[in-house]
Visitor: 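Mind looking over this structure? Questions follow.
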Amino acid sequence: MKRFSLVIAAAALLLTATVGLAAPPKAPPAPGPATGLADSAALRATVYGTPPQDLAPLPDRVPLFEMDIAMPWARPVPDVFWFDRKLRVWFSAQPKPAPLAIIISGTGSDGNTTKLSLLRATLYGAGYHVLTMPSPTFPGFIVSTSSTGVAGDLMQDGHDLYGAMQQIIAHLPTEIEITHIDILGYSLGGANAAIVKSIDATEGKLKIQRAVMINPPVSLFTSIGRLDKLFADSIGGNAGIERLYQKLYAQLANLYRASEAVQIDENFLLGAAGAVLRTDSEFSAAIALTFRIALVNMFFAGDLYAGTGVVVDPKHLPRVGDSLEETQRILRTKPFSEYFTKVFAPYYLKHRANSTSESLIADNRLDIIGDALRNNPDYYAQTNSDDLILDKSEQEWLKKTMGSRIAVYDHGGHLGNLGDRQQIADMLLMLSGHWAGGAK
């Protein structure tokens, strides 16, 4: 029997409780406009992705097995998250000694998305063992692997990912031989990959060779803030949010009923949008809603673990079987800035000595490993000149920081050219250390 599982978190009734701080945390500064938000082509590339005729060739068959691993440092699991006690990852093994490519998913996504499947097939066809992992902002990772339960901190999430990778590799079948390890990721996963390589440069437990960032944000906070602003500008208040959500949900149900095998992920959501929406404003709102839905779980889990009382009463935690509908509706209306001011900042201001709201924002930019990105020839990046999650100053920072080790494509929006022949060819050359391109 098919199982329809849009990953939307559960919670109790909305509360007005706040934590005891001397002053409320400051929200991230208002982001500048993204480079591609006014561009119809960028919006449509983000929604529709790479046309089938432009996709790189893929192998006919890719072996795949699922691994479920309990992390030794895992926190107690709340009843409502009973299904996420172990970290779930996917592995494709070559029949002979081979390098290992570790791929980290994008914001709020699990370890077996459509995008990961495409990258997995490409890398397996190029001779790699392939390990695909969820984003540290995915609820399954937060519950099973996060040492804090409050996701979104680049360095903390990086350490959790790094520890998980060591556990996974230690649990691989003994006949799998790994010659070296490369790491890559898309969207937020790209930034996570670079952070993990920087941690490994100090600790040396995996000896990661190269890292490739695909459409990374420079700052998660400003990128999501930009999408929140796009959402507000294109759809308006809470009533508009619900109208769009219900419109997409009806299409999701139709697509689901029409298929025996449906992967419920960002591609599926955007596919529903592409089938029913027509105007730039609708496409903008649908893209922003996709990110909003992905972050619902992160908001809910963080609030529960931090005990901040935004949607979860710390004294009356939700249990299996409790109604989830009202909390889902509430969380769909909350911008990411509220996650920062009401959950993330209160938790880290309490647990990180001498921190401020400003320092938390600064510590979650790629600048924190800027020297490594500038000086280490084994870091690479790919982005698009019309990427929706970057403004012009962030584009320039990436180009200046990465120098000749970044490919900037003329078109693609956010991940809209993933799997394109040129993008894949460049990615494989980067991983081999033979890429001699420059900004395209």
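Just so you know, residue 1 is the first one in the sequence shown, and it goes up from there. Since the structure is predicted, the reported quantities are computational estimates derived from the model, not experimental observations.
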Visitor: Can you name the side-chain contact (heavy atoms from CB on, under 4.5 Å) partners of A45, sequence neighbours left out?
Guide: H411
Visitor: Would you say the side-chain atoms of D200 pair up with the backbone N or O of K205, donor to acceptor, closer than 3.5 Å?
Guide: yes
Visitor: For Y379, is the NZ or CZ atom of K197 found under 6.0 angstrom from the centre of its six-membered ring and inside 45 degrees of the ring axis?
Guide: yes
Visitor: Would you say V310 and V343 make side-chain contact, with heavy atoms under 4.5 Å?
Guide: yes
Visitor: Could you go through the side chain to side chain contact (heavy atoms under 4.5 Å, CB included) check for L295 and K334 one step at a time?
Guide: CA-CA 10 Å; L295 291 166; K334 291 193 172 298; over 6 Å; no
Visitor: With no hydrogens and no angle check, just 3.5 Å: does a side-chain donor-acceptor pair link N384 and N417?
Guide: yes
Visitor: Taking the side chain as every heavy atom from C-beta outward, state whether S105 and Y186 have any atom pair closer than 4.5 Å.
Guide: yes
Visitor: Which residues pass the side-chain contact (heavy atoms from CB on, under 4.5 Å) test with T148, not counting sequence neighbours?
Guide: S146, V150, Q156, Y347, Y348
Visitor: Counting heavy atoms not belonging to R352, are there more than 12 under 6.0 Å from its CZ?
Guide: yes
Visitor: If you measure from the Lys or Arg side-chain nitrogens to the Asp or Glu carboxylate oxygens, is any gap between D391 and R226 under 4.0 Å?
Guide: yes
Visitor: For residues Y339 and F336, establish whether the separation of their ring centroids is below 6.0 Å.
Guide: yes
Visitor: Tell me whether the centres of the aromatic rings in F344 and F221 are closer together than 6.0 Å.
Guide: yes
Visitor: For salt bridge (charged side-chain N to carboxylate O under 4.0 Å, His left out), just list the numbers for K399 and E394, CA-CA rounded to whole Å, side-chain angles, deciding distance to a tenth of an Å, and then say yes or no.
Guide: CA-CA 9 Å; K399 288 192 283 187; E394 290 168 333; over 6 Å; no
Visitor: In terms of the angle between their ring planes, are Y305 and F81 parallel, tilted or perpendicular, with boundaries placed at 30° and 60°?
Guide: parallel
Visitor: Please check this pair: side chain of R210 against backbone of L431, looking for a donor-acceptor N/O pair closer than 3.5 Å.
Guide: yes
Visitor: Salt-bridged, K342 to E338, with N to O below 4.0 Å?
Guide: yes
